[in-house]
Each structure stands twice: as C-alpha cells, then as structure tokens.
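The structure appears right after this line, and notes come after that.
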Amino acid sequence: MIKITFPDGTSKEYERGISIEQIAGDISSSLKKQSVAGYVNGDLYDLNRPIEEDASVEIITRKDQKAFEVLNHSAAHLMAQAVKRLYPDAKFGVGPAIREGFYYDIDTKEPIREEDLLKIENMMRRIVKEQQSMERKELSREEALAFFNDDPYKTELITDLPEDEIITVYSQNEFTDLCRGGHIGNTKNIKFFKLLSIAGAYWRGDSSRNQLQRIYGTAWFTQEDLEKHLEILAERKERDHRKLGKELRIFELSNDAGQGLALWLPNGYTVRKILEDYVYKLEKKAGYLHVSTPVLGTKRLYEISGHWDHYRENMFPVMERDGETFVLRPMSCPHHMIVYKSDLRSYRDLPIRYAEIVTQHRYEASGALSGLERVRAMTLTDAHLFVRKDQIKKEVLDAYNLILQAIDDLGLEIEYVELALRDKAKGKFHDNDELWDLAEKLMKELLDEEGIEYTAMTGEAAFYGPKIDIQVRTAMGHVITMSTVQLDFLLPERFDLTYIGQDGEKHRPVVIHRGLISTWERLMSILLEQYKGAFPTWLAPTQIRVIPVSLDNHDKYAKKINDLFIDYDLRSELDMREEKLGYKIRAAQTEKIPYQIVVGDDEVNNETVTYRKYGEKEQVTVPTKEFIHMIQEEIINKSK
RNA sequence: GCCACUUUAGCUCCUAACAGGUAGAGCAGUGCCAUGGUAAGGCAAAGGUUGCUGGUUCGAGUCCAGCAAGUGGCACCA
C-alpha cells in the first residue's frame, strides 16, 4: 500500500500502482468524469499512469488552465498521427500547447496547404473514433535514438536533452512521439477541435535553419467552448484596426505611396492631433522641454552613437551630397545628445528632459509590416532625460508613472511589464560589464522597491542599456511594446556629455530614454482595436452630428446649434443631405459618432436638443446649454 | 527576408462569372423624383486594360512563369 496525500492535507492508503483516474473515481464519479490529469509530487501525470510510491496528489480537472494545455497537447499528437497517415514521409519538429490551442511543426516533401486542413481534421476524427489509448513509455537514450533514427528533428531534440533526463515517448497505436507528457489518456477524449491555419516556422526558431510547416489548431472540452472560442476569433477580425481604419477612413496604405508608409486621412489626423496636444500638455506639466530636430542626419552622428554598428541593417540606405553622407534617422537620441551639448551644464540644471514629436524611418523587414502596427515611417513623442546618478531612480520612476497615466487616460490596459536585460554571451551589446551591472541593478531595485511585477527578458536589452518595456495585447492576440524606459550610460560617454558638479569638476550625466505611448501609428492601431472604432468623445474625429428633421423647417436651428457647438470647440457636423431621417441616423451610427442630435419643432420651440449617445438606444432631450456643459465635462474627464 | 495562400469597380464579394468563349451584384457616389421624429424611400445612368509583365491558346479574370503588394505565421523588432 502507498499513502496518497491530498491538497487539503488529508491522506488515504491505496494499492501501489493506482492511477489518478482511479483515485478520482474513488472520491466521486463526477470528479472522475472531470479529471484530466494530475500532479504527483509536483510532476504532471497522465490519468492512467501508475503511482508507485507515497505521494502528494493534486487532481487536474477540466476547469484548470493546465487541463486545457493537456488537452491541446494531446490534440497536437492526434493531429500529428493524422498527418503521418496522410503524409507518410512527414517528419516532426515540436508540437506544444499554447495559450489558445496548439501547433505542430511538420516537415513534408509535399507542402500542406490550407485546403488540406479539412482532410487532416477528418482523419483526426477517425482516430478519435478508433479510441486509441495514449500509452506512456520510458526509453533509454540509445533506444530513443534508435527509434527516431529516421527523424532528424527528434534525433536532435533527444541529443540535446540533459544526461539525467528520463526520456519518454507516447504511443497511440501506430504513432509514437517523443514527449514529456502529460496526456489525456485516449484519443476519444479529444472531441471538439478545429485546425485554424498553416504557416512557416523555422526549426528551433533559427532563420539559418530549415523551415517547417506549422499547423495551428485549438481543442476544447465542450462544443460550446469551441464555438465560443471561434466566435471570439471572428470578433477579433471585426476589431482588426486594418478593417476599422478603412471603414472609418483613418489611414491609407498604398502601394504607390510605398510599402509600410501610412497616410493619415482627415479623421485619423484629427485624432492624432488631439493626442499630440494631449501629450504636449502632459509633458509640460511633468517638466519636459520641447525641441525639434531634423529627420535627416549625418552618418557620422550615428557612428558616434554606435547605432551605425549596432543598428545599420534597420536603416534605409545612405545618401551622399557634397562629400557628406546622410541617413534618414531611425531614432532621435543622437540629436538630443547634440542638443544637450549646445550649452554648458551645471549640476543644478539637471535633470533636463527633452521631448520631441519625432518622425523616424526604419527599414523593417517586409514580412514584419502589418497595418499601422509595424510601419517604416513613424512619428512618436520621444524623450531623453539627462540626469545625475543620484536622480536616476526618481526620474525613471516619474517617467514610468507618466506612462501609466497616459495609458490610463487612453483607456488602455497593460498586459505585462518586461525588464529587458542583456545576454553577456551575445555580442550585440556594448562592452562594459561595470556599467551594465550597475544599470541592471538599479532597474531591478527600482521595480522591486515599487512592487512592480515584471518578467525578466535576458538578451532583449537595447545595445546601450537595460529597458523597462510595457506590453499590450492587440485584438489579434499579439503582444507589442507600448512604452519603454531605458537606462543608458553609454551614449553620454560616446558623446562626451558633461555637467559641472558642486566640486567644480566635470561629471558624466546618465541618459534615460523614454517612449511614452509608442508611435502615433501603433497607438492608433491599438486605440482602434480597444474601442472597436468607437472613440471616446474626447478623441472622436467627429463628436456631434446634427440632423434636422426637415430641411425646410429646421435647417436654421440646426445650423445655429452646430455653429454654437463649433464656437465651444466641439467637433460638430451638420447633415443637410436630401435624405430620409432614418438614412442619416444610420449613417451617424455606422460612423460611430458619439453624439447624434436630431432637431425638429420641439427643439426649435424649446431651445433644446435631442441626443442619442453611440451604443445606447435611449433618446434624451435637454436644453442646448446643458448639453454643451455635459459634453465638455465628458471631454475634460476623458471619460471612456 | 523565409514558408504557404490571396489579389475582379472607391468599399464588400469562400453569396458573381458553372469546365478557357470576351466581366456581375450590393453598398457608397452622381442625376431625377419623393421628403417630419431615431439604423437603409424610389427610379435611372455611370463606374473595370480583372495587381503588373510575359507566355500557352483561335480565344485567358480563369492555365503557366516572373515580379509587386497583401494575409497567416516564423525570423526580426533601437
């Protein structure tokens, strides 16, 4: 007999070799039904794997996130088995569960196409019907290598496993895969799934190696869950900023204008201008000084900064004129270094915070471009803070808090905070251990002291220093960088920046790079997706649409209140087209205008307006002045 | 950049063009008529070198090749 201890501290004796499934069944038949796998002394166990010794056991049920992973991991195996049947020459890379499903990387002679997914799905269903038991087996390294000797990918994986790792395989009838487990026990347990897409993926994420075909899919415990997930996927497409941006006339991407070079249409530019003004005020209040520097700069400038060495492949080709070589700037830090050097600085002057609306160009890989999310010409509010060493923590923290405020004002949500650190093994970072250690230590201390949770990302730092990146999630589920605060001891060295200290000697300032809310392009994509195109009133390109009931009788009043709104700096438009009322209302709704106002006899006689707020059915009649007051309040408060 | 797929009117067309036979619709826009209360009034005309360049064919939106852009991913992302 062995002793099994449960999470609540109770324990019970069972026969040696009992399984999670049997234990669950012993507790209750409903638990048995819900159980998917379990933890035995912290190790993930399949339902049917025998437990050989005293252990603490935790049963994983369908409700747990881990259960979803187990199911999807098993679905990946199921798919691989189906692919192997249809493509006997298939070789397999890795096939893990991911956030919303699973994928498997597959190498076949004949490419798999999107239309083949249905065929694979059907084969999967057949295997589900065959009720293949998924059997776990431990192999020695030699046995494993012998078994997978015709699959170079699996062979490489086995070779790279640590010496002491127990190598396990899982078999479902004729198909055996190298796998750590856990699994769902039997293919019959994988009932509700769908294959979603196919894409290329480099073997082991290395672009110098083979490219495999990655099939993405998703598996759920119930039909309803699967359908719900597919609905979410469909809804994401509705939120896609590329679709909304076109419908709402926000921006244009044209082949003729150039790949990745976005054109801002009037509606988009109106929003952008509001954001620019908002940011300007925010920075003013936080003590930033605004400057303006050119899009073009000498190559020398970037050689001094080190960007030429570290960032050249992301820059557009150089231009030559009058014996000087120019580049389109990919960032503004070097220019701001020169601005700092334009005067002699005292320790009393610091911190100096330079901010600028910067347009910059980066040669992004063509495959990386995506709507407004990733472009080749971008404009952002960039800032560089020149500080003394004793001011670092406060200034980093202030910058971080300013970012939080902007994100909050814009109604956005942070996915997580990243601390990007260097990887000493990689050559892309500048070489000064002492400064790096200091910079990284300061950043960690600061985050810890403030109780800010973060994920450390080794090797993700800028070449000149560590950075705190604030990540958000797009409608399509991608995580992208929204804001950044970066600590830099290098550029002050390279530009020989100094200030005169209290002691009368020259000292080296430290630079903090700050990206507030990404670029206007990326921010617009995020806002469109966040609000599904229905901007809050303070940001909406058009805030009010005034519609007269009758063009003959109410046109004067409509014009009068429209003018009044404009006098109060409200973005109001009059719809005087010769169309039916219903048509104009529908137009105002599809354009997602926050306030649609209809005026007729009642309003004319009482000096009122009848408005309907976007997203609501209710109509409200109020005195015109009251309406103005209300909407102004809403704008000032940046109500979402 | 790499792999796969896609590209027809300003927009949407896996709800066009059956298998190669000379391009259709809805919306928007235009004109005329109609015109009073919260999501599409009627009629009409117009709108296209089917992404570009070649090829096969009596004949190409359709088949083939190259290029470009876009989409899904991968790689990249100061």
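Residue numbers start from 1 in every chain, and the chains themselves are labelled A, B, ... in the order their sequence lines are given, proteins ahead of strands.
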Does a distance-only test, which skips hydrogens and angles, find a donor-acceptor pair under 3.5 Å between the side chain of [X] and the base of [N]?
X         : N      : result
Arg374(A) : C76(B) : yes
Tyr202(A) : G73(B) : no
Glu579(A) : U35(B) : no
Gln211(A) : C2(B)  : yes
Asn553(A) : G36(B) : yes

Choose from [options] the nucleotide whose nearest atom is closest to any side-chain atom of [X].
X         : options                : answer
Arg612(A) : C76(B), G29(B), U38(B) : U38(B)
Glu603(A) : A40(B), G37(B), C2(B)  : G37(B)
Pro111(A) : A75(B), G1(B), A4(B)   : A4(B)
Ala365(A) : A75(B), U38(B), C2(B)  : A75(B)
Val598(A) : U38(B), G36(B), A75(B) : U38(B)
Thr610(A) : A75(B), G73(B), G37(B) : G37(B)
Arg113(A) : A4(B), A40(B), G36(B)  : A4(B)
Tyr583(A) : G29(B), A4(B), A39(B)  : G29(B)
Lys617(A) : U35(B), U12(B), A39(B) : A39(B)
Lys246(A) : C5(B), C76(B), U12(B)  : U12(B)

Same-atom distance ([atom1]) from [N] to [M], integer angstrom:
N      : M      : atom1 : value
A17(B) : U62(B) : C1'   : 9 Å
C27(B) : A40(B) : P     : 13 Å
A69(B) : C63(B) : P     : 23 Å
C3(B)  : G59(B) : C1'   : 36 Å
U6(B)  : G51(B) : P     : 13 Å
C14(B) : U7(B)  : C1'   : 14 Å
C64(B) : A60(B) : C1'   : 11 Å
C11(B) : G48(B) : C1'   : 15 Å

Hey, does [X] reach any base, or is it just sugar-phosphate, or nothing, if we go heavy atoms under 4.0 Å?
X         : answer
Leu581(A) : sugar-phosphate
Ala201(A) : sugar-phosphate
Arg249(A) : nothing
Asp602(A) : base
Gln596(A) : base
Gly582(A) : sugar-phosphate
Ser197(A) : sugar-phosphate
Ala462(A) : sugar-phosphate

Given that Tyr464(A) and Glu247(A) both sit by RNA chain B, which one's nearest nucleotide is further toward the 5' end?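 First, find each residue's nearest nucleotide; the 5'-ward one identifies Glu247(A).
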On RNA chain B, nearest-nucleotide positions of Asp469(A) versus Lys580(A): which is more 5'?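 Between the two, 5'-proximity favours Lys580(A).
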Charged N to carboxylate O below 4.0 Å: is that the case for [X] and [Y]?
X         : Y         : value
Lys584(A) : Glu573(A) : no
Arg113(A) : Glu115(A) : yes
Glu356(A) : Arg514(A) : no
Glu364(A) : Arg376(A) : no
Asp433(A) : Arg422(A) : yes
Lys467(A) : Asp469(A) : yes
Arg214(A) : Asp105(A) : yes
Glu373(A) : Arg242(A) : no
Lys243(A) : Glu238(A) : yes

Think [X] has a side-chain N or O under 4.0 angstrom from the OP1 or OP2 of [N]?
X         : N      : result
Ser550(A) : U35(B) : no
Tyr216(A) : C74(B) : yes
His554(A) : G37(B) : no

Distance check needed: [N] [atom2] versus [X] [atom1], whole Å only.
X         : N      : atom1 : atom2 : answer
Arg577(A) : U30(B) : CZ    : C1'   : 14 Å
Asn210(A) : A75(B) : CG    : P     : 15 Å
Arg522(A) : C77(B) : CZ    : P     : 13 Å
Arg214(A) : C5(B)  : CZ    : C1'   : 17 Å
Arg242(A) : G70(B) : CZ    : P     : 11 Å
Leu369(A) : A68(B) : CG    : P     : 14 Å
Leu263(A) : G10(B) : CG    : C1'   : 15 Å
Lys592(A) : A39(B) : NZ    : P     : 17 Å

Enclosure of Glu616(A) CD (heavy-atom neighbours >12, cutoff 6.0 Å):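 Counting neighbours around CD of Glu616(A), more than 12 heavy atoms of other residues, nucleotides or ligands fall under 6.0 Å, so yes.
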Is it the case that atom CD in Glu578(A) sees more than 12 heavy atoms from other parts of the structure closer than 6.0 Å?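 No.
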According to the Watson-Crick and G-U wobble definition with distances under 3.5 Å, which dot-bracket string, read 5' to 3', encodes RNA chain B, using [ ] for crossing pairs and | for pairs with another strand? (((((((..((((.......[..))))..((((.......))))......(((((..]....))))))))))))....
Met524(A) versus His241(A): any side-chain heavy-atom pair under 4.5 Å?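 They are not in contact (no side-chain heavy atoms under 4.5 Å apart), so the answer is no.
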Are the aromatic rings of Tyr354(A) and Phe386(A) close, with centres under 6.0 Å apart?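 Between Tyr354(A) and Phe386(A), the centre distance is under 6.0 Å.
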Pair Phe627(A) and Tyr611(A), ring centroids less than 6.0 Å apart: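 So the answer is yes for these two rings.
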Sorted by number, the residues of residues 254-261 of chain A with heavy-atom contact under 4.0 Å to RNA chain B: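 When residues 254-261 of chain A is checked for heavy atoms under 4.0 Å from RNA chain B, the hits, listed by number, are Asn255(A), Gln259(A).
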